[in-house]
Every structure is written in structure tokens, then in C-alpha cells.
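The structure appears below as C-alpha cells.
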Number of protein chains: 2
Amino acid sequence: MHSEVVASRSADQRDSSRESRNGTPQLDAVSLAIIQQLQEDGRRPYAAIGKAVGLSEAAVRQRVQKLLDQGVMQIVAVTDPLTVGFRRQAMVGINVEGDVESIAEALTAMSEVEYVVMTAGSFDILAEIVCEDDDHLLDVINKRIRALPGVRSTESFVYLKLKKQTYMWGTR
Amino acid sequence: MHSEVVASRSADQRDSSRESRNGTPQLDAVSLAIIQQLQEDGRRPYAAIGKAVGLSEAAVRQRVQKLLDQGVMQIVAVTDPLTVGFRRQAMVGINVEGDVESIAEALTAMSEVEYVVMTAGSFDILAEIVCEDDDHLLDVINKRIRALPGVRSTESFVYLKLKKQTYMWGTR
DNA sequence: ACCACATCTGCGAAATCCGCAAGTCTCGGA
DNA sequence: TCCGAGACTTGCGGATTTCGCAGATGTGGT
């Protein structure tokens, strides 16, 4: 009933914040374990987490704070869009002529756009749209996205049924 | 310094849990406001939330517990996959012959599959894959997904750059 | 060797969480 | 109309958690 992740801390396990070349902070095993705990329950007390990962309450608190400050993770409530009144969703594949980045930027600025990713393949950009109804969705796709200068074509995939949505990265 | 969302509670605002025909619980304005608070900070104290939405600490506590029990929302840590060691992601569009639902089910069972949605359009299913490297990604797509009986064809969109990822449903 | 820096621990004080009870109000059914 | 169910409020202690700080410990660079 005392499953410690790490019994002793060796050198390479405690570099909780070293920058790798691309600027993203490098995470050690302990921080990973902390994140894992908070992925199960975002409100789990620091002491309980400490017990699980083999750290003091204060140490866990400091690391969590740093992870939040660094933007490595955030602790938030996530919901099923349907239950909060958004009944139409779609993934939109977009092809761009010219600067892809600027189009992506414009999409990011739209509040109905939940998700924007630049891709390799037959689309340059994939964007997820979350709307209240068909009219709203139609408006966003036809009037706002297609109106952006540089958007060559779009293809829409209206969601029929959401089957899975996980937030368990790093928990495998 | 006392910004209450609701000054007085009218009838339709306090049906915090009524079932609509499709079985999903209906949310009132107050629960929406609570979720909104927790989307900004999943660890915000109940008293602070109560102050913001115009409810007592105890009432907020009861509502949050119910929302969690009902599965309407969950409070979790979310991370940027890249910083936790998953360097290859892709969206895969899938075409199916026969029962779409059962294929979706099979995808859901895979731990590398983060997201599964059934769609209308030129794909029957969209699935998001999160992997550690190219080999892993290739393995999942070619050996596991394409091997499913009923999968007619797939098309992959490898992620080049994630531009936006929000969890702010209902916060508009 | 020594310093600078980051991290961890320990420990009080303050704040929060949690369960509980009693009273109010509204809605809807008998 | 009367009554019960459900939701909210207020109030209350006790257990728990959070928070800030001071003092160790450890590591890397000079």
C-alpha cells in the first residue's frame, strides 16, 4: 500500500527543468508521475501525490506550480460539448495557397475554432469547429473560413457521433 | 467587487438536473458558470466559485460533485503531447465497409488512439493517433488499423505543427 | 575548494474541504 | 389544497489541505 515510483533519486531523474534545444522543458520521471496523478484527478491533494511519487508535499507543490507556469500542463474542467449546448461540430480540411501560417493564425483567432493543426497530406490545415446549430456552423465555414484570402478549398466532415476523447497523454 | 452572475434565481435557472429525451442531463445557467470557472482553473476553491456564480460554498460543492458523478465534466491535467515525449501525431481518415460502429469501437480500444469520431463526408471515421516516433506511428496505422476487418481505406495527415488547443467549451 | 543556484524537507499558520443538521422556498403530484 | 421531493442557505466544528518561509542538501561551474 505504499507504491513509490522512485526509491532513490539518481542524477538524471532530478533535472526537472532543463531546456532542450527546441526550447521545450525536459521532464523527468517524477514530473511525469505527478502529471499522471493529476490526469486521473485534477484536484488530488499534493500530499497524496507526494505519497504516490515519493516526494514531500511541498516539493510536489513547487513542481506543479512550475509545470503550470511553464505551460507544460494545465488543470482544467473538460466537458462533452453536447451537454453544454453545442450540437454541431465538424472537422474542416483546408487547402491554402501562399502562407499557411497566417491562415492558421486567422483560424486560431476564431472562438468557434477549437483546434487547429498544420498537416502533411492532402490538407494543409485541419480545424475543428464547435457550434450551436447548423446555421452557425454553415456561417463559420462559408462566410468566415472560405472568406479568408489564401484559402483555396475546404472540405467538411460533420460529426455524427463522438466515440472517444481522452486526456491521458503520458499515461501508458 | 461583488460581480454576481445571477441576482435572483428564476424557475428555469434552477433545474440543475433534468433529463432531456436523449438522456443527457440538461444544464442550467449556474452550472454553466461553475464549469466556466473550473475551465479557467480546475483547482479554484469552492468558495471563490460560489462568490463568482452567486451560490454558497456548500451548494457549489454539491453541484460540482454531481457534475462529476454524472460524467458531464471531469477535472484533469492536460498537457502538450510534445513535452511529454510523444513526437508524432496524425489524424487518420478511414473508410469502412459494413458496420462503422464496430470499427469505431475497435479504434477506441487502442491506447494510441486519442480521439475517435464518426463523420459525414468522404470519411466515415476520423481518428487521432498519438505516438512516440515514426516507427510507432507507422505500426499503428499499417499493422493495426488497416488490419481491422471492414476497413476499406485510410488516409493519414501527419501533424506538422499544433496551433491551437482549447478547452473552453461553453465559455463564449 | 568555494560559490551560486536549484531542489527538497520540515513546520507552523491560515485557508479550505467536508459532512451534517435545521430551516426556507418552489414545484408538482395526490 | 396539502404534502413530499428537491435544491439552496446558513452555520458549525474537525480534519485536511494549502501556503510561505527557513534551513538542509546537492549539483555544476569557476
Side-chain angles (χ1 to χ4, degrees), chain A residues 1-2 4-21 23-35 37-38 40-70 72-77, chain B residues 1-2 4-20 25-35 37-38 40-70 72-75 77:
Chain A
M1 185 110 327
H2 220 289
E4 315 253 324
V5 166
V6 283
S8 65
R9 269 172 295 289
S10 62
D12 68 10
Q13 282 181 322
R14 45 179 318 156
D15 56 347
S16 68
S17 76
R18 192 177 312 161
E19 301 270 332
S20 59
R21 28 225 158 303
T24 54
Q26 200 63 16
L27 298 183
D28 63 2
V30 179
S31 289
L32 254 301
I34 291 175
I35 292 174
Q37 292 287 318
L38 289 170
E40 292 174 14
D41 176 7
R43 276 185 167 254
R44 184 163 299 170
Y46 296 133
I49 298 173
K51 194 87 65 180
V53 307
L55 240 56
S56 70
E57 177 268 343
V60 173
R61 181 156 32 100
Q62 291 164 11
R63 287 175 96 120
V64 168
Q65 192 55 53
K66 183 188 290 187
L67 290 171
L68 295 173
D69 291 342
Q70 284 176 151
V72 172
M73 77 171 178
Q74 43 186 329
I75 301 175
V76 295
Chain B
M1 184 95 358
H2 220 290
E4 316 253 326
V5 166
V6 283
S8 66
R9 269 171 296 288
S10 61
D12 67 9
Q13 281 180 320
R14 43 183 317 156
D15 56 349
S16 68
S17 76
R18 191 178 311 162
E19 301 271 330
S20 58
Q26 200 65 17
L27 299 183
D28 63 1
V30 179
S31 288
L32 253 300
I34 290 174
I35 292 174
Q37 292 288 317
L38 290 170
E40 292 175 15
D41 175 8
R43 277 182 168 258
R44 184 162 298 171
Y46 296 135
I49 299 174
K51 195 87 65 181
V53 307
L55 240 56
S56 69
E57 177 268 344
V60 173
R61 191 161 16 111
Q62 292 163 15
R63 286 220 188 200
V64 168
Q65 193 54 53
K66 185 187 292 186
L67 289 171
L68 294 174
D69 291 342
Q70 286 176 148
V72 172
M73 78 172 176
Q74 42 187 332
I75 300 175

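Only a predicted model underlies this, so the values are computations on that prediction, with no experimental measurement involved. Below, chain A is the first sequence line, B the second, and so on; all start at residue 1.
Here the CD1 atom belonging to A:Ile34 is positioned 8.0 Å from the CG atom belonging to A:Asp28, to the nearest 0.5 angstrom. One finds the CG atom of B:Leu68 at 4.5 Å from the CE atom of B:Met73 (value rounded to the nearest 0.5 Å).
Nearest heavy atoms, B:Val60 versus B:Gly50: CG2-CA, 3.5 Å. Nearest heavy atoms, A:Gln37 versus A:Ala52: NE2-CB, 3.6 Å. Of all the heavy atoms in A:Ala77 and B:Ile35, the pair that sits closest is CB-O, 4.4 Å. What you find for B:Leu27 and B:Ser31 is that their closest heavy atoms are CD2-CB, 4.4 Å.
B:Asp28 places its CG atom 15 Å from the C1' atom of C:dC27, with the value rounded to the nearest Å. Rounded to whole Å, atom C1' of C:dT7 lies 14 Å from atom CD of A:Gln70. Atom-to-atom, NZ of B:Lys51 to C1' of C:dT16 comes out at 14 Å; the value is rounded to the nearest Å. Atom C1' of nucleotide C:dC17 and atom CD1 of B:Ile75 are separated by 13 Å, given to the nearest angstrom.
Residue A:Lys66 has a polar side-chain atom (N or O) positioned under 4.0 Å from OP1 or OP2 of C:dT7.
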Original post:
Just by protein heavy atoms under 4.0 Å, how would nucleotides 17-22 of chain D read 5' to 3' in B, S and -?
Top reply: SBBB--
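Axis deviation across the helix from C:dA1-D:dT30 to C:dA30-D:dT1 amounts to 40°, comparing end segments of five pairs, rounded to 10 degrees.
With sequence neighbours excluded, the residues satisfying side-chain contact (heavy atoms from CB on, under 4.5 Å) with B:Arg61 are B:Tyr46, B:Glu57, B:Ala58.
Using a 4.5 Å heavy-atom cutoff, the side chains of B:Leu67 and B:Leu38 are not in contact.
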